[in-house]
Undergrad: 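Quick one: this structure, given as structure tokens, is what I'll be asking you about.
All values below were derived from every heavy atom in this structure, side-chain atoms included, with hydrogens, water molecules and symmetry-related copies excluded. Throughout, numbering of the chain's residues begins at 1 and tracks the sequence.
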Amino acid sequence: MENNKKYVTTRAVYKAIKKYDHQQFDEFCKSVYVEGYNAGLKQPAEEPEASVSIEEVLKVIGEVKGVGPALTGKIRNAVDNMIAERRIKGEKQIN
């Protein structure tokens, strides 16, 4: 997490928040959370470094007796589709 020195909350907002009742404060906290959550979804996700690439796995699979280029291609398509589906599911925002 970056250490931002920019203050987003002004003194006027701070004074207004101090006067909130429970319901107003809950709504304020919810709005802050949702804005932060949605901003996080818009950030490009840093993918963890894999210890083995898909290409390396497919190369090893292709070396197995009975697995030719056609079957290796089908396996690649299945893996690519699975990755694409997971990315699509992860792009939903909350309201």
Side-chain angles (χ1 to χ4, degrees):
M1 183 182 275
E2 253 182 59
N3 195 4
N4 263 342
K5 296 284 182 176
K6 181 180 175 184
Y7 291 104
V8 181
T9 306
T10 63
R11 184 79 176 148
V13 172
Y14 174 72
K15 284 184 176 183
I17 292 170
K18 284 176 58 174
K19 296 177 184 176
Y20 284 174
D21 63 16
H22 289 286
Q23 182 179 4
Q24 290 172 317
F25 187 72
D26 286 346
E27 287 298 317
F28 174 77
C29 290
K30 180 182 174 185
S31 69
V32 169
Y33 175 82
V34 169
E35 285 179 30
Y37 182 86
N38 288 336
L41 288 177
K42 292 177 185 176
Q43 292 285 329
E46 291 183 25
E47 296 194 20
E49 292 185 32
S51 58
V52 179
S53 72
I54 294 174
E55 296 300 324
E56 292 172 316
V57 171
L58 291 174
K59 181 180 175 188
V60 172
I61 290 173
E63 293 172 357
V64 173
K65 185 176 179 180
V67 179
L71 186 54
T72 303
K74 288 180 183 180
I75 293 170
R76 177 186 240 326
N77 289 339
V79 170
D80 288 343
N81 289 338
M82 180 195 67
I83 292 170
E85 286 175 12
R86 288 192 179 181
R87 285 187 179 152
I88 289 171
K89 288 179 184 177
E91 293 177 355
K92 295 179 182 175
Q93 292 187 5
I94 63 170
N95 293 325

Undergrad: Quick one: side-chain contact (heavy atoms from CB on, under 4.5 Å) partners of E27, sequence neighbours excluded?
TA: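 side-chain contact (heavy atoms from CB on, under 4.5 Å) check on E27 returns nothing, list empty.
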
Undergrad: To the nearest 0.5 Å, how far apart are CG in D80 and CD1 in I54?
TA: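 Taking CG in D80 and CD1 in I54, the distance rounds to 6.0 Å.
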
Undergrad: Starting at NZ of K30, measure out to CD of E35 and round the result to the nearest 0.5 Å.
TA: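 K30 NZ to E35 CD: 12.5 Å, rounded to 0.5 Å.
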
Undergrad: How far apart are the closest heavy atoms of I61 and I75, and which atoms are they?
TA: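 Nearest heavy atoms, I61 then I75: CG2-CD1, 3.7 Å.
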
Undergrad: Hey, could you give me the NZ/OG1 distance between K15 and T9, rounded to the nearest 0.5 Å?
TA: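 It is 14.5 Å, given to the nearest 0.5 Å.
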
Undergrad: Can you tell me if CD on E63 sees more than 12 non-hydrogen neighbours from other groups inside 6.0 Å?
TA: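 Yes, the 6.0 Å shell around CD holds more than 12 heavy atoms from other groups.
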
Undergrad: Which ILVMFWY residues can you reach from Y20 by hopping between side chains whose heavy atoms are under 4.5 Å apart?
TA: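 Members alongside Y20: V13, I17, F25, F28, V32.
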
Undergrad: If you look at every heavy atom in Q24 and K19, which pair is closest and at what distance?
TA: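 Result for this residue pair: OE1-O, 4.3 Å.
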
Undergrad: Give the C-alpha distance, both sets of side-chain angles, the deciding distance and a yes or no for side chain to side chain contact (heavy atoms under 4.5 Å, CB included) between V57 and V79.
TA: CA-CA 11 Å; V57 171; V79 170; over 6 Å; no

Undergrad: Could you identify which residues cluster with Y14, counting Ile, Leu, Val, Met, Phe, Trp and Tyr as linked when any side-chain heavy atoms lie under 4.5 Å apart, either directly or through a chain of such contacts?
TA: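 In the cluster with Y14 there is nothing else; it is isolated.
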
Undergrad: Going by salt bridge (charged side-chain N to carboxylate O under 4.0 Å, His left out), name the residues that satisfy it together with D26, two or more places apart in sequence or in a different chain.
TA: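 In terms of salt bridge (charged side-chain N to carboxylate O under 4.0 Å, His left out), with neighbours along the sequence ignored, D26 is linked to no residue.
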
Undergrad: Only counting residues at least two apart or in another chain, list the ones meeting side-chain contact (heavy atoms from CB on, under 4.5 Å) with N77.
TA: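 So N77 forms no side-chain contact (heavy atoms from CB on, under 4.5 Å) with any residue.
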
Undergrad: Could you work out, with side-chain contact (heavy atoms from CB on, under 4.5 Å) as the rule, every residue matching V60, not counting sequence neighbours?
TA: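 Listed in chain order: nothing, the list is empty.
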
